[in-house]
Number of protein chains: 2
Amino acid sequence: MESSNDTRQRIISAAQELIYTRSYNEVGVQEICNRAEVKKGSFYHFFPSKRDLALAVLDQSQAVMYETIINRAFVDDIPPLARIERFFTIVYDFHKQVKKDTGYVFGCPFGNLGCEMSTRDEDIRCKVDDILRTSEKPFEKALSEAVTRGDLPATDAAATARAIFAYVEGIMVYAKTRNDPELIRELGKHALQLIIPAKIQ
Amino acid sequence: MESSNDTRQRIISAAQELIYTRSYNEVGVQEICNRAEVKKGSFYHFFPSKRDLALAVLDQSQAVMYETIINRAFVDDIPPLARIERFFTIVYDFHKQVKKDTGYVFGCPFGNLGCEMSTRDEDIRCKVDDILRTSEKPFEKALSEAVTRGDLPATDAAATARAIFAYVEGIMVYAKTRNDPELIRELGKHALQLIIPAKIQ
DNA sequence: CTTGACATTGACCGACCAGTCAACTACTAT
DNA sequence: ATAGTAGTTGACTGGTCGGTCAATGTCAAG
């Protein structure tokens, strides 16, 4: 049972990396198995199909995003709006490091898969949609808190949080297409305007 | 020569639709040829490879975007900032109609291909990058004009235009992943905040 | 009427695709 | 000790992948 979990986890990890750095349709089951050092027959013992693996990879990627980004950014050691700024900094630092290591900006794993698969697999689309919705929550909470604290005038926190995260997705498309993590920093600066429309300069 | 151009054009049109509604890696050369009613041997008379076809498709898609969206939105019959609002309306109307016809929101053809191919084909990445850069220009021009007219305080028009178009890309990712064109309208409302930071409410 | 360029065709290539399966091994609970 | 379960293996399927090629067809300029 320990070994089984380990095999399954190795498959997920291998797929996560390959699909993120390439794309779902470009990476085959065989290649995933090679990287995970698992025979293909064994793969189908753990996953009924390739798309079920993609679903598991999405769960895994969401967990990683929380560990490495969201749970680090949204800590109440600093004011709520500063946490949002910290979010952008962490995302920038992450992609800057990845670019240094690999030469590439790979963008957002959820946006990537959403763009590739949303019109082709309803389950994958729904799971990505759910992850995006969930990702808005920490922003929404920070915005509400900022309003309560008086840092922000009355705001529709849910709508604004959604706008911010949509902007984040757009930034990731841009950074990936230009293969330049600096765009995350430069475009990130404008995110505050999405938040504080009433602020004068 | 007429017939030759026609064959080439049929291939491009077929590929444009198939790649836009599915993805580059999911659609094969054979399927493109079937839809274009062209034999595969003939395909390779016009295109040295599938990726060269993708490059041609990108050119075609850019031309279509100008005809159907940009050149309709950015006409100086209305004030510059109203043109940007009109851009969002046209994009919304387009995707609303496509959703009605096909059941799907397909997002942005450039963002889609950029996400899928940027780390895999440098020529495609550069072409998408170029298209995004070019697409910012009408926004930049409108913003500059708005500043000149006094509709807007002094602004870095280039940086703001880029932020807006990045936001547009994010909106398209969201609309595609939620398969809901209404998101374009709802999120589009917030774009003005990217433009007019100093405006009070 | 001939030449040469362009266009078209279908057969073909090796590689790979997702997925199947029966046989086998290793371990666990009784 | 044994029966049952979970995990592993490698051979296999039918189909598709991007791409090649030689033969043939078409047509216009000289």
Side-chain angles (χ1 to χ4, degrees), chain A residues 1-58 113 116-125 127, chain B residues 1-58 113 116-125 127:
Chain A
M1 200 178 279
E2 194 182 274
S3 156
S4 114
N5 285 339
D6 184 61
T7 301
R8 194 186 137 91
Q9 190 51 53
R10 282 210 318 278
I11 294 171
I12 291 174
S13 296
Q16 189 181 13
E17 185 176 341
L18 286 171
I19 293 175
Y20 179 48
T21 58
R22 312 254 277 285
S23 71
Y24 177 83
N25 283 298
E26 200 191 295
V27 177
V29 172
Q30 187 60 63
E31 189 178 359
I32 291 166
C33 291
N34 291 346
R35 167 158 315 209
E37 292 180 294
V38 165
K39 299 297 182 297
K40 191 155 69 158
S42 205
F43 172 93
Y44 284 96
H45 175 72
F46 291 99
F47 299 97
S49 71
K50 188 188 175 191
R51 35 149 277 164
D52 290 277
L53 168 64
L55 260 12
V57 165
L58 279 170
L113 208 56
E116 187 181 0
M117 297 300 291
S118 280
T119 61
R120 302 301 296 163
D121 188 304
E122 188 68 1
D123 286 346
I124 290 177
R125 185 190 71 70
K127 174 138 253 158
Chain B
M1 200 179 277
E2 194 183 276
S3 154
S4 113
N5 285 339
D6 184 61
T7 300
R8 194 185 137 92
Q9 191 51 52
R10 282 209 317 279
I11 294 171
I12 292 174
S13 295
Q16 190 182 10
E17 186 177 340
L18 287 170
I19 292 174
Y20 179 48
T21 58
R22 311 253 281 282
S23 71
Y24 177 83
N25 283 297
E26 200 190 296
V27 177
V29 172
Q30 186 59 64
E31 189 178 359
I32 291 166
C33 291
N34 290 347
R35 166 156 318 209
E37 292 180 295
V38 165
K39 300 296 182 297
K40 191 155 72 158
S42 205
F43 172 93
Y44 284 96
H45 174 70
F46 292 99
F47 300 96
S49 71
K50 188 188 174 191
R51 37 150 278 163
D52 289 276
L53 168 64
L55 260 12
V57 164
L58 279 170
L113 208 57
E116 188 180 358
M117 298 298 293
S118 280
T119 59
R120 302 301 294 163
D121 188 304
E122 187 69 2
D123 286 346
I124 291 178
R125 185 189 71 71
K127 175 138 253 159

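Proteins come first, then strands; the chains are lettered A, B, ... in the order of their sequence lines, and each starts at number 1.
Between the CZ atom of A/R10 and the C1' atom of D/dG7 there is a distance of 12 Å, given to the nearest Å. Between A/F43 atom CZ and D/dG7 atom P there is a gap of 15 Å when expressed in whole angstrom units. Rounded to whole angstrom, the span from the CD1 atom of A/I11 across to the P atom of D/dT9 amounts to 11 Å. Remark: C1' of C/dC16 and NZ of B/K50 are 14 Å apart, rounded to the nearest angstrom. Between B/L18 atom CG and D/dG18 atom P the separation is 12 Å, expressed in whole Å. Distance B/M117 CE to D/dG18 P: 11 Å, rounded to the nearest Å. The CZ-P distance, from A/F47 to C/dA18, rounds to 14 Å in whole Å. Look at CG on A/L53: it is 14 Å from C1' on C/dG19, rounded to the nearest Å.
Residues B/K127 and B/D123 are not paired through a salt bridge, judged by the lack of any N-O separation under 4.0 Å between the basic side chain and the carboxylate.
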Audit row: A/R51, A/Y24, side-chain contact (heavy atoms from CB on, under 4.5 Å) steps and yes/no: CA-CA 9 Å; A/R51 35 149 277 164; A/Y24 177 83; 3.7 Å; yes
Working for side-chain contact (heavy atoms from CB on, under 4.5 Å), residues B/I11 and B/R8: CA-CA 5 Å; B/I11 294 171; B/R8 194 185 137 92; 5.6 Å; no
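A close approach under 4.0 Å does occur between a side-chain nitrogen or oxygen of B/Y44 and OP1 or OP2 of D/dG19. Put simply, B/T7 has no side-chain N or O that comes within less than 4.0 Å of OP1 or OP2 on C/dA7. Distances shorter than 4.0 Å separate none of the side-chain N or O atoms of A/H45 from OP1 or OP2 on D/dT8.
To the nearest 0.5 Å, the span separating CD on A/E116 from CG on B/N25 amounts to 6.5 Å. Put simply, CD on A/Q16 and OG1 on A/T21 are 10.5 Å apart, with the number rounded to the nearest 0.5 Å.
Residues from residues 29-40 of chain A with heavy atoms under 4.0 angstrom of DNA chain C, sorted by number: A/V29, A/Q30, A/K40.
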Please table the atom pairs, donor to acceptor, closer than 3.5 Å between any side-chain atom in residues 29-38 of chain B and protein atoms at least two apart or in another chain.
residue: B/Q30; atom: NE2; partner: B/N34; partner atom: OD1; Å: 3.0
residue: B/E31; atom: OE1; partner: B/R22; partner atom: NH2; Å: 3.0
residue: B/E31; atom: OE2; partner: B/R22; partner atom: NH1; Å: 3.1
residue: B/E31; atom: OE2; partner: B/R22; partner atom: NH2; Å: 3.0
residue: B/R35; atom: NH1; partner: B/E17; partner atom: OE1; Å: 3.4
residue: B/R35; atom: NH1; partner: B/E17; partner atom: OE2; Å: 3.0

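Comparing A/Y24 and A/G41 along DNA chain C, the residue whose closest nucleotide (by nearest heavy atom) sits nearer the 5' end is A/Y24.
Residues A/F47 and A/A56 share a closest heavy-atom pair of CE2-CB, 3.9 Å.
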